[in-house]
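What follows is a short report on a single structure.
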Amino acid sequence: MIPFLDMKSVYAELKPELDAAYARVMESGWYVLGKEVEAFEAEYAAFCGSKHCVGVGNGLEALEMVLRAWNIGPGDEVIVPSNTYIATWLAVTAVGATVVPVEPHPAGPNIDPERLAAAITPRTKAIMPVHLYGEPADMDPIMALASKHGLKVVEDVAQAQGSKVRGRRAGSIGHAGAHSFFPTKNIGAFGDGGAVTTDDPAVADRLRALRNYGSKVKYVNIERGFNSRLDELQAAFLRVKLKHLDRWNEKRRAVAALYDDKLAGIAGLGLPRTPQWAESAWHLYVVRTDRRADLMKALDRAGIGALIHYPIPPHLQQAYADLGLPKGSFPLAEKLAETVLSLPMGPHLQGDAVDKVADVVRRTLGNG
Ligand SMILES: *Cc1c(COP(=O)(O)O)cnc(C)c1O
C-alpha cells in the first residue's frame, strides 16, 4: 500500500517536539490569541519575507478577510483563475464581489498573464493568483499589470508555502498573501488554521480586528467582524513544523525529480513543467492523460493512492450555476479537470515507492 499522502509519518518524525508544544500550551491555561500565535506570526512573517503576519481560522477566511480589509464588495470585480480550488472563488463571492475567471497558461496550471489584460474592466479591484499544486504563478507580469491599473493583488498561497518566484517567497510578492494550514498542506496544523502575510501595516491592523469580531479593545466593536482566529495549540504545532518546512519541501523536490526521471518518454503522458524562474513547493505531482480512468483503476488495484485535483472546475459546480457559465466557457480549465491526476507525494515518500508508482503508470499506459 502506498498512501496518497503519509500523514502518520509527520507525527512520528516530530513526536517529541509536538508533544512538548502540546504540553506547553495545555499547561499555560491560555488557548486563544496569546503568546504562541504572536510568536508564530513573527516567525512565519520572517520565513515569508513579509513585514506582518496575522494568524486566522483557515485559508478561505484569510482570502475573504483580505478582500474585506480592502473594502471590496458588491459591484466590484476580482480576477480569479478558472482552474483552481473552489475556495478561491468562494472568498470573492462571500464579500458580494463578482468573480472574473481567467484561463490558465497552456503549459501549466496557473493563470495566464497574457490573458489578464483583456479581463480588466473599470470595475476590477483585485487579482487573486493561485500558486496551484505548489507551482508559483508568474507574479512579475501580474504585478506590473496591477500597478498599471491600480489593482490589489492577493496571492492564494494555500498550496505553495515555501515556494519561490525569482528568489522571493510566494506570499510576499503581492499586496497580501493568504495561507492555509489545513493538515494536508505543505505546512499543516492538526486541525484548521490560516494566515495573511502583508507589508501593509494598516491592512495587518485591520485584519487583527476583523478576525476578532471587529474588535481591538475588548467589547468595543469598530466594525462587523469574524470569529476567525488561529488558536494557540495550532500555532504551537506550526512553530515546530515551520522549522522543517524547507527541508520537507526539498524532499518533495527530490520525489518530483525522481518521478520526472522515471516517467520520461511515456507517450500521451503530460508531466509537470516548472518554469525556470520558479521554485515549486511540490504540494502535488500532477500528470495529465486522456486515459485517466484506466490509470486510476490500475493504481487502485496496486494499492496506490491517487487523487484528482480537481474533477469539476468552479464554474461548472452547482454552487455557481447562477453565474450561467455553461460547459465550454473555460475549455482549458475543463480539459485539465478531465485529464489531471495527482500521484502520491509528500516529504516521507520513499524512492522505492516512487519506483513502484512509476512502474504501474508505465505498464498501464503502454509503450515501455
Ligand atoms: C486549501 C485551499 C484553500 C482553502 O484553505 P482552507 O484552510 O481549507 O480554508 C484555498 N485555496 C486553495 C488553492 C487551497 O488549496
Side-chain angles (χ1 to χ4, degrees), residues 4-5 7 40 44 53-68 78-95 99 101-102 104 108-111 126-137 139 142 153-163 170-171 174 176-197 207 210-211 226-231 234-235 237-238 241 249 252 272 280-286 307-315 317 319-320 333 336-337 340 342 345-346:
F4 176 70
L5 174 65
M7 297 288 292
F40 174 70
Y44 196 62
C53 169
V54 181
V56 301
N58 56 65
L60 171 57
E61 288 170 349
L63 287 165
E64 183 180 346
M65 287 193 285
V66 167
L67 297 179
R68 280 278 302 273
V78 177
I79 295 175
V80 294
S82 57
N83 183 50
T84 184
Y85 180 54
I86 197 167
T88 316
W89 288 38
L90 289 174
V92 176
T93 51
V95 300
V99 285
V102 167
N110 291 322
I111 201 161
I127 308 172
M128 198 178 266
V130 180
H131 308 303
L132 206 63
Y133 313 150
E135 178 184 318
M139 291 304 294
I142 294 172
V153 175
V154 51
E155 299 170 65
D156 181 339
V157 199
Q159 300 190 2
Q161 298 100 335
S163 68
H179 307 249
S180 164
F181 305 124
F182 185 74
T184 59
K185 311 288 184 180
N186 285 39
I187 172 170
F190 294 85
D192 278 304
V196 175
T197 48
L207 285 166
L210 270 175
R211 72 176 172 184
F226 295 71
N227 173 0
S228 182
R229 304 170 295 211
L230 181 65
D231 68 64
Q234 300 306 339
F237 293 146
L238 289 166
K241 285 179 114 184
N249 281 350
R252 289 173 178 272
S280 176
W282 290 107
H283 179 59
L284 299 171
Y285 189 90
V286 179
L307 295 173
I308 299 171
H309 298 96
Y310 295 92
I312 307 172
H315 72 280
Q317 296 282 0
Y320 285 115
L336 286 169
V340 290
S342 306
M345 169 53 88

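Note that ligands are numbered from 1 as they come in the structure, with each ligand's atoms numbered from 1 the same way. Atom set for the values below is all heavy atoms of this structure, side chains included, hydrogens, waters and symmetry mates excluded. Counting begins at 1 with the first residue of the sequence.
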Output yes when a side-chain donor or acceptor of D192 lies under 3.5 Å from a complementary backbone atom of G57, and no otherwise. no
CG of L5 to OG1 of T184: how many Å apart, nearest 0.5 Å?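 Result: 6.5 Å between the selected atoms.
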For [atom], find the nearest protein heavy atom and state the residue, atom name and distance (0.1 Å precision).
atom: atom 9 (O) of ligand 1; answer: L60 N, 2.9 Å
atom: atom 13 (C) of ligand 1; answer: D156 OD2, 3.5 Å
atom: atom 8 (O) of ligand 1; answer: S180 OG, 4.0 Å
atom: atom 10 (C) of ligand 1; answer: A87 CB, 3.4 Å
atom: atom 1 (C) of ligand 1; answer: K185 NZ, 1.7 Å

Between [Y] and [X], is there a side-chain donor-acceptor contact under 3.5 Å, judged purely by atom types and distance?
X: S342; Y: H309; value: yes
X: H179; Y: T197; value: yes
X: N58; Y: E61; value: yes

Within the 4.5 Å heavy-atom criterion, are E64 and F226 side-chain neighbours or not?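 Side-chain contact under 4.5 Å: yes.
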Looking only at N/O atoms, are T84 and ligand 1 under 3.5 Å apart anywhere?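 No.
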Residue N58 vicinity, atoms of ligand 1 by number, heavy atom under 4.0 Å: 7 (O), 9 (O)
If you count the atoms of ligand 1 from 1 in the order shown, which ones are under 4.0 Å from a heavy atom of V130?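 Close to V130: 13 (C).
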Atom 6 (P) of ligand 1: of A189, G57, G59, the nearest heavy atom sits on G59
Would you mind telling me which of T93, T88, V78, I79 makes a side chain to side chain contact (heavy atoms under 4.5 Å, CB included) with V99?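 Exactly one candidate clears the test, T93.
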